[in-house]
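These notes are about the structure you will find just below.
Counting convention: from 1, in listed order, for ligands and their atoms alike. Just so you know, residue 1 is the first one in the sequence shown, and it goes up from there. Below, all heavy atoms of this structure are taken into account, side chains as well, without hydrogens, waters or symmetry copies.
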Amino acid sequence: MGRKDDCIFCKIIAGDIPSLRVWDSPVGVAFLDVNPLAEGHTLLVPRQHFADLRDMPPDTLGQLLAVAPALCAAIIAATGATGVNFLQNTGASSGQVVLHTHFHFIPRRDGDGLGYRWNAGNYSEGRAEVLQGAIAEALG
Ligand code: 5GP
Ligand code: ZN
C-alpha cells in the first residue's frame, strides 16, 4: 500500500502522529483539522498516498467519497452548523499545502465571515467555446 515516508498525512494514517479520528475504514480516514477554519473542520483522506486529485484512481476516489454525505450530515448534527463547504485543493496555487489528497469539510453558519473572494468574471467573445473544446479534448 502506497506510503510516502516524509508525508504528514501518511504518518497520521499510520498512527505515528496522533489525530482525532471520526471515521476509519480500509479506504481512508477522517479526522479533525488541527487548525480549524471553524469548530468541527474535518479532513477526509485516502489511506494510500496520492499527491492530489489528478492522481486518484476513480474507484478509490468513489469508495472514499461514498462517506461524504453521511460525514457532512454528522458534522452538521454535531456542531449545529447550518452548512458545510466541501473543498479540495489541488496544486500550491489553490492553497494546497499537504501533498496527500484530502477533502475539507468546513462547517458554516450565517455571518461566520468565512468564504471566498468570489470575483466572478466574464468571457470575451469566443473564449468560452475555445476553452470548452480544449478541456473536452484533454479529457479525451
Ligand atoms: P491544504 O491547505 O493542503 O488543503 O490543507 C491542509 C490542512 O491540513 C490544513 O487545514 C492544516 O491545518 C491541516 N493539517 C496540517 N498538518 C496537520 C496535522 O498534523 N494534523 C491535523 N489534524 N491537521 C493538519
Ligand atoms: Zn501521504
Quick one: nearest non-hydrogen protein atom to atom 1 (P) of ligand 1, plus distance?
His102 NE2, 3.1 Å
Taking both backbone and side-chain atoms of Leu32, is any N or O found less than 3.5 Å from an N or O belonging to ligand 1?
yes
Run the numbers on Arg21 and Asp24 for salt bridge (charged side-chain N to carboxylate O under 4.0 Å, His left out), then give the verdict.
CA-CA 7 Å; Arg21 298 189 189 199; Asp24 202 323; 2.9 Å; yes
Using a 4.5 Å cut-off on heavy atoms from C-beta on, say whether the side chain of His100 contacts that of Cys10.
yes
Examine ligand 1 and decide if any of its atoms is less than 4.0 Å from a heavy atom belonging to Gln88.
no
Among protein heavy atoms, which lies nearest atom 16 (N) of ligand 1, and at what distance?
Ile8 CD1, 4.0 Å
What do you reckon, does Gln96 have a nitrogen or oxygen under 3.5 Å from a nitrogen or oxygen of ligand 1?
no
Nearest heavy atom to atom 23 (N) of ligand 1, choosing from Val98, Leu20, Val34, belongs to Val34
Closest candidate by heavy atom, reference atom 11 (C) of ligand 1, pool Ile12, Asp33, Asn35, Asp52:
Asp33
Go through Phe50 and Phe9 one step at a time and tell me if the ring-ring contact (aromatic ring centres under 6.0 Å, His included) criterion holds.
CA-CA 11 Å; Phe50 303 106; Phe9 284 178; over 10 Å; no
Below the 3.5 angstrom mark, is there an N/O of His41, backbone or side chain, next to an N/O of ligand 1?
no
Please determine whether any non-hydrogen atom of Gly95 lies less than 4.0 Å from an atom of ligand 1.
yes
Of the options Asp33, Asn85, Leu44, which is the one that meets His104 in a side-chain contact (heavy atoms from CB on, under 4.5 Å)?
Asp33
side-chain contact (heavy atoms from CB on, under 4.5 Å) between Ile106 and Leu114, intermediate numbers included:
CA-CA 10 Å; Ile106 305 164; Leu114 295 174; 4.1 Å; yes
Determine whether the side chain, the backbone, both or neither of Phe103 has a heavy atom under 4.0 Å from any heavy atom of ligand 1.
neither
Logged contact type for Val97 with ligand 1, heavy-atom cut-off 4.0 Å, is both
